[in-house]
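Reading through the structure tokens given below for one structure.
Every chain is numbered from 1, with letters handed out A, B, ... down the list of sequences.
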Protein chains: 2
Amino acid sequence: MDGDPVDFVGTVLSGMVSLTKIMPDGRTQMVAMLRQGNFLGHPYRAQTSYNAVASTPVVMCGFRREPFEKLLRKIPGLGQGLLEQSSKELDAAREWMLLLGRKTAREKVASFLIIFAREKVAQHPSLMQKRMHLDMPYTRAEMGDYLGLSLETVSRQLSALKNDGIVDPDGKRGVTVLNYAALLSETGDDADGGWLA
Amino acid sequence: MDGDPVDFVGTVLSGMVSLTKIMPDGRTQMVAMLRQGNFLGHPYRAQTSYNAVASTPVVMCGFRREPFEKLLRKIPGLGQGLLEQSSKELDAAREWMLLLGRKTAREKVASFLIIFAREKVAQHPSLMQKRMHLDMPYTRAEMGDYLGLSLETVSRQLSALKNDGIVDPDGKRGVTVLNYAALLSETGDDADGGWLA
DNA sequence: CGGTATGTTGACGAAGGTCAAGTAGGGTGG
DNA sequence: CCACCCTACTTGACCTTCGTCAACATACCG
């Protein structure tokens, strides 16, 4: 899925969609991970300059832009919800800017893993003490595009975290977190990671 | 100005405000440049984790959060405007993510200068052909925090661009753009820079 | 006139990118 | 069921880029 003039908005019902930006020479940066409930596309703005990539099978609920904007005008709560979500994404984007601009490779990889681990802990708090298996929907190359690293560096950092007994990459996409607290401390953030729920 | 629970929102009337994120060990990343008309603070969200820094003398029009949210509910157009602006800032943040994650130091500095030059060109299109003087509101260190670079690297890249006859840094905060087209081509973006107005 | 902020430049080192070789699964066709 | 292949992953060697440390220059301010 490609495209400049996007005449389409929608919410993700299931699966995971990534937005990426690409430079003329091919350098790629992922700029958003959209999950269940997230909104794709800008109301009131016809142009965007992203590419959307489905990292897993995705089901979306889509609208064409114009009818949707009409709907927006009719139902005030809708706009409020979108504003809230947009604010949240803006926060996430800025958190990611700190990561891209200032974190080391190790901190970047740890931060990436923590995103998924944190989510699982939120569902099952007891998991925090135990080994916790994560299924990453990304290849090393995609992680690299997310973190502003080469895929080799991602691989090396995962190996290093494994040597330190913090995680255990298994299989192609699996990662077992052996020590959540240690992983958290490798992110460079302070305890709660500056992540607001 | 510091602070977690922010009970305050407002728009910038004049001057320039920067939002920064800081890691526990002091590493700093600027995450937004707010100019005239930009909105500061999240309606519907009490917590943020930024620091706001005025780079120039600033005049703001502020509200406490609760009355403002009431106002929001009364005036539907207000919410729409905020949503549009939030979308714009999200786009800008993502553009910046590409810069932070994937651009070289030279491309970063050129992109930074182009932001200010582009704005001036938008006002006076004829300037594009001529030498164009910019007044940067930032020190080298602040530029570095914006670009995810050390201040020394910023300084070196400016010197390099000067040697190449593309810009001429003069005085402390002044930069004269000698060749707009060349500067643009140093950003790594394609012609229109992926920047939407 | 000295003092403090900011900026420049050089020397050096470390982090991470690039290139290249080799490994491990997982799926497909024989 | 096995051989093969393709893709993803790992690891090593090397090199580039950028950060760090330090010395010095410049400018602004009292």
Is a donor-acceptor contact shorter than 3.5 angstrom present between the side chain of B:R156 and the base of C:dG10?
->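 Present.
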
Taking the basic N atoms (NZ, or NE/NH1/NH2) and the acidic carboxylate oxygens, is any pair closer than 4.0 Å for [X] and [Y]?
X: A:D164; Y: A:R106; value: yes
X: B:R94; Y: A:E89; value: yes
X: A:R35; Y: A:E119; value: yes
X: B:R102; Y: A:D145; value: yes

If I take atom [atom1] in residue [X] and atom [atom2] in nucleotide [N], what distance separates them, rounded to the nearest angstrom?
X: A:D170; N: C:dG25; atom1: CG; atom2: C1'; answer: 13 Å
X: B:L158; N: C:dT6; atom1: CG; atom2: C1'; answer: 13 Å
X: B:Y138; N: C:dT6; atom1: OH; atom2: C1'; answer: 17 Å
X: A:R173; N: C:dA24; atom1: CZ; atom2: C1'; answer: 15 Å
X: B:E152; N: C:dT6; atom1: CD; atom2: P; answer: 14 Å

Under 4.0 Å, heavy atoms only, any strand: does [X] hit a base, just the sugar-phosphate, or nothing?
X: B:T139; answer: sugar-phosphate
X: A:G148; answer: sugar-phosphate
X: B:L151; answer: base

Distance-only side-chain donor-acceptor flag, B:K103 / B:S111, under 3.5 Å |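 Yes, a side-chain donor-acceptor pair sits under 3.5 Å.
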
Do B:S18 and B:Y138 meet the criterion of a side-chain donor-acceptor pair at a distance under 3.5 Å?
->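 Yes, side-chain donor-acceptor contact under 3.5 Å.
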
Which residue lies more 5' along DNA chain D, comparing A:R102 with A:R140 via nearest heavy atoms |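 Final value for this comparison: A:R140.
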
Tell me, please, the opening and closing nucleotides of DNA chain D, 5' to 3', among those with an atom under 4.0 angstrom from a non-hydrogen atom of chain B.
->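 On DNA chain D, the outermost contacted nucleotides are D:dC18 to D:dC21.
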
Syn or anti for D:dA22 (syn when the glycosidic angle lies within 90° of 0) = anti

